[in-house]
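The next block holds one structure in the form of structure tokens; read it before the comments.
Reckoned from all heavy atoms, side chains included, excluding hydrogens, waters and symmetry mates. Chain naming here is simple, since letters A, B, ... match the order of the sequence lines and numbering starts at 1 in each.
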Amino acid sequence: MAERGTDRIKRGMAEMQKGGVIMDVVNGEQAKIAEEAGAVAVMALERVPSDIRAAGGVARMADPTIVQEVMEAVSIPVMAKARIGHIVEARVLESLGADYIDESEVLTPADDVYHMDKTEYTVPFVCGARDLGEAARRIGEGASMLRTKGEPGTGNIVEAVRHMRLIQSQIRKVIGLSKDELMTEAKNLGAPYELLLQIREEGRLPVVNFAAGGIATPADAALMMQLGADGVFVGSGIFKSEYPDKFARAIVEATTHYEDYELIAKLSKGLGTAMTGMDISQLEGFDRMQDRSQ
Amino acid sequence: MMKIGVLALQGAVREHVKGLEAPDTEVIIVKRPEQLEEIDGLVFPGGESTTMRRLVEKYQFFEPLQAFAKAGKPVFGTCAGLILMATDVVGEPGGHLELMDMTVQRNAFGRQRESFETRLSIRGVADDAEAVFIRAPLITEVGQNVEVLAEYNDEIVVARQDHLLSCSFHPELTNDRRFHQYFVQMVREAQAAVNV
């Protein structure tokens with residue numbers, strides 16, 4: 001009689017995170033700081049994206065010890081990353097009891113052609129997208145939540161802004177198309193036709209879409225909310241800043257009250273140094289994490 | 001025209017707005033305490049209870065919300081909202097807003113993989129109401145003045161204390177609007193009582 005792992009449960013879980021901030025953490029202590037600051041969930045990782053960049057080499061699923069340590073430290077949901085296409089890493093994380101899996105380009109892809117069939121899992125998945133075609137393909141594969149790819153670990157918001165604006169503008173275009181124009185749009189976007197039809201009818205994506213990849217300040221978080229994000233992921237930004245605790249609280253408040261500029265001004269005072277930023281044009285080839293999957 | 005607010009600090013706000021729609025009802029998104037003065041009933045949506053709790057305190061909602069409930073205005077809490085309303089939370093020193101005389105246990109069914117959906121018999125609402133439980137809490141004990149409206153596997157999942165209503169699942173995630181409309185009726189009745 002009771003059903004598990006339905007779309008409604010998996011997508012609903014992400015709906016409950018709306019308006020919130022999901023923070024990257026690498027141990028139980030950081031997870032507690034995040035929870036105390038008001039994070040709606042944490043992402044348990046071995047290294048934050050900026051350290052993954054610095055370390056180079058192959059980035060894989062975190063050591064299960066870290067995921068378990070974080071799960072024991074907090075009562076909010078715990079997410080974890082699996083490599084793109086790595087069915088076994090995903091199953092391992094599911095068996096550990098992770099509440100959400102990020103099939104993530106931040107890790108080195110295990111499959112350079114295919115993403116996982118996420119409909120097969122009880123645990124919900126979040127995936128990155130740069131445009132509506134990518135977003136629709138991931139939903140078609142069973143993703144229950146989306147996030148912009150941005151350019152992780154750079155502290156540079158420009159790519160997340162680009163991806164969010166593009167997705168929103170493509171949604172608006174789809175809403176305005178007549179039905180006979182929709183199939184060609186599906187072909188051009190590389191998107192499943194039925195999903196575009198649904199987006200056109202409902203006027204929005206069928207899953208929530210968070211902003212991720214380069215959010216480094218409270219104002220960045222508020223910017224992404226204004227551009228239509230349902231919430232934000234903050235990766236390296238928090239625990240690479242000078243005062244993580246204060247920083248985390250400021251980002252949570254700026255996300256809730258993203259149109260209250262006086263408040264954001266107050267929140268932005270005396271936060272210390274934000275993470276060091278990076279110009280995206282310095283990145284080439286494989287260092288551009290967003291280009292690692294289609 | 002009645003006005004029903006949805007507390008919009010974090011969580012599934014839009015879905016509640018849809019469920020509450022009625023010809024005689026205007027639904028308002030509540031982000032600031034002063035907005036409580038203009039509404040006749042309030043919904044605490046589902047979301048993350050620790051996050052909502054922090055934001056309630058941060059934005060001086062704590063006392064205005066308690067005063068709102070004390071004034072006899074109906075309040076409906078779903079999932080995280082239920083946790084905010086309870087007088088006691090298992091494993092924690094006390095409750096939060098402490099509006100309803102009951103003890104709740106957070107994440108009572110386990111982690112996300114244990115989340116489920118089912119149909120429930122809710123007294124006064126329906127025999128087959130759609131119920132989506134996501135990392136849901138349970139009501140482990142209720143006081144004398146609290147009426148149990150639904151149970152799942154002999155555990156309490158819906159309770160009412162006069163003008164206060166709470167449930168451990170998410171009616172807002174379904175197209176089944178009967179439970180929301182039950183609350184809308186509670187607000188109507190509370191208003192009629194004031195106007196008499």
- Sort A:L263 into side chain, backbone, both or neither according to what part of it lies under 4.5 angstrom from a heavy atom of chain B. side chain

- Side-chain contact, heavy-atom cut-off 4.5 Å: A:R8 with B:H170? no

- Task: Pick one of side chain, backbone, both or neither for A:V123, based on which atoms fall under 4.5 Å of a heavy atom in chain B.
- Result: neither

- Among A:G12, A:G20, A:A41, which has the most heavy-atom pairs under 4.5 Å with chain B? A:G12

- Query: Is the backbone of A:I9 close enough, under 3.5 Å, to the side chain of B:S115 for a donor and an acceptor to pair up by distance?
  - Reply: no

- Query: Any donor and acceptor pair, going by atom type alone, linking the side chain of A:Q17 with main-chain N or O of B:G47 inside 3.5 Å?
  - Reply: no

- Message: If the threshold is 4.0 Å, N to carboxylate O, is there a salt bridge linking B:R113 and A:E94?
- Response: no

- Just by distance, do the side chain of B:Q10 and the backbone of A:M16 share a donor-acceptor pair under 3.5 Å? yes

- Query: Would the number of heavy atoms belonging to other residues, nucleotides or ligands and lying under 6.0 Å from CD of B:E34 be above 12?
  - Reply: yes

- Message: Please classify the contact between A:V78 and chain B as side chain, backbone, both or neither, with a heavy-atom cut-off of under 4.5 Å.
- Response: both

- Message: Taking atom CD as the centre, does A:E202 end up with more than 12 heavy-atom neighbours from other residues, nucleotides or ligands that are less than 6.0 angstrom away?
- Response: yes

- Find the distance between CD1 (A:I76) and CZ (B:R135) and round it off to the nearest 0.5 Å. 8.5 Å

- Selection from A:P77, A:G231, A:A98 maximising heavy-atom pairs under 4.5 Å formed with chain B: A:P77

- Inspect the surroundings of NZ in B:K31 and state if more than 12 heavy atoms from other residues, nucleotides or ligands are less than 6.0 Å away. yes

- Could you go step by step and tell me if B:T118 and A:E3 meet the side chain to side chain contact (heavy atoms under 4.5 Å, CB included) rule? CA-CA 7 Å; B:T118 187; A:E3 272 187 284; over 6 Å; no

- Task: May I ask you to test the A:V252-B:L55 pair for a side-chain heavy-atom distance under 4.5 Å?
- Result: yes

- Query: Would B:R32 and A:H257 satisfy side chain to side chain contact (heavy atoms under 4.5 Å, CB included), going step by step from the backbone distance to the final call?
  - Reply: CA-CA 10 Å; B:R32 306 196 162 277; A:H257 292 282; 4.2 Å; yes

- Would you find a donor on one side and an acceptor on the other, under 3.5 Å apart, between the side chain of B:T51 and the backbone of A:A39? yes

- Might you work through the side chain to side chain contact (heavy atoms under 4.5 Å, CB included) test for A:R4 and B:E117, ending with a clear yes or no? CA-CA 7 Å; A:R4 290 192 180 146; B:E117 57 177 277; over 6 Å; no

- Region of B:S49 in contact with chain A, defined by heavy-atom distances below 4.5 Å: neither

- Item | CD1 (A:I87) with more than 12 external heavy atoms under 6.0 Å | no

- Item | Over 12 foreign heavy atoms within 6.0 Å of CD, A:E29 | no

- Message: What part of B:E130 gets within 4.5 angstrom of chain A, counting heavy atoms only: side chain, backbone, both, or neither?
- Response: side chain

- Distance from B:F116 atom CZ to A:T122 atom OG1, nearest 0.5 Å? 14.5 Å

- Message: Given 3.5 Å as the limit, does a donor-acceptor pair link the side chain of B:N107 with the main chain of A:S75, or not?
- Response: yes

- Message: What I want to find out is whether A:E35 reaches B:R54 closely enough, with some N-O distance under 4.0 Å, to be called a salt bridge.
- Response: no

- Give a yes or no on whether the backbone of A:D99 and the side-chain of B:R111 come within a donor-acceptor separation of less than 3.5 Å. no

- Message: Surrounding CD of A:Q198 (heavy atoms of other residues, nucleotides or ligands, distance under 6.0 Å), is the total greater than 12?
- Response: yes

- Item | B:N175 atom CG, neighbour heavy-atom count above 12 within 6.0 Å | no

- Among B:R119, B:E172, B:R14, who wins on heavy-atom pairs under 4.5 Å with chain A? B:R14

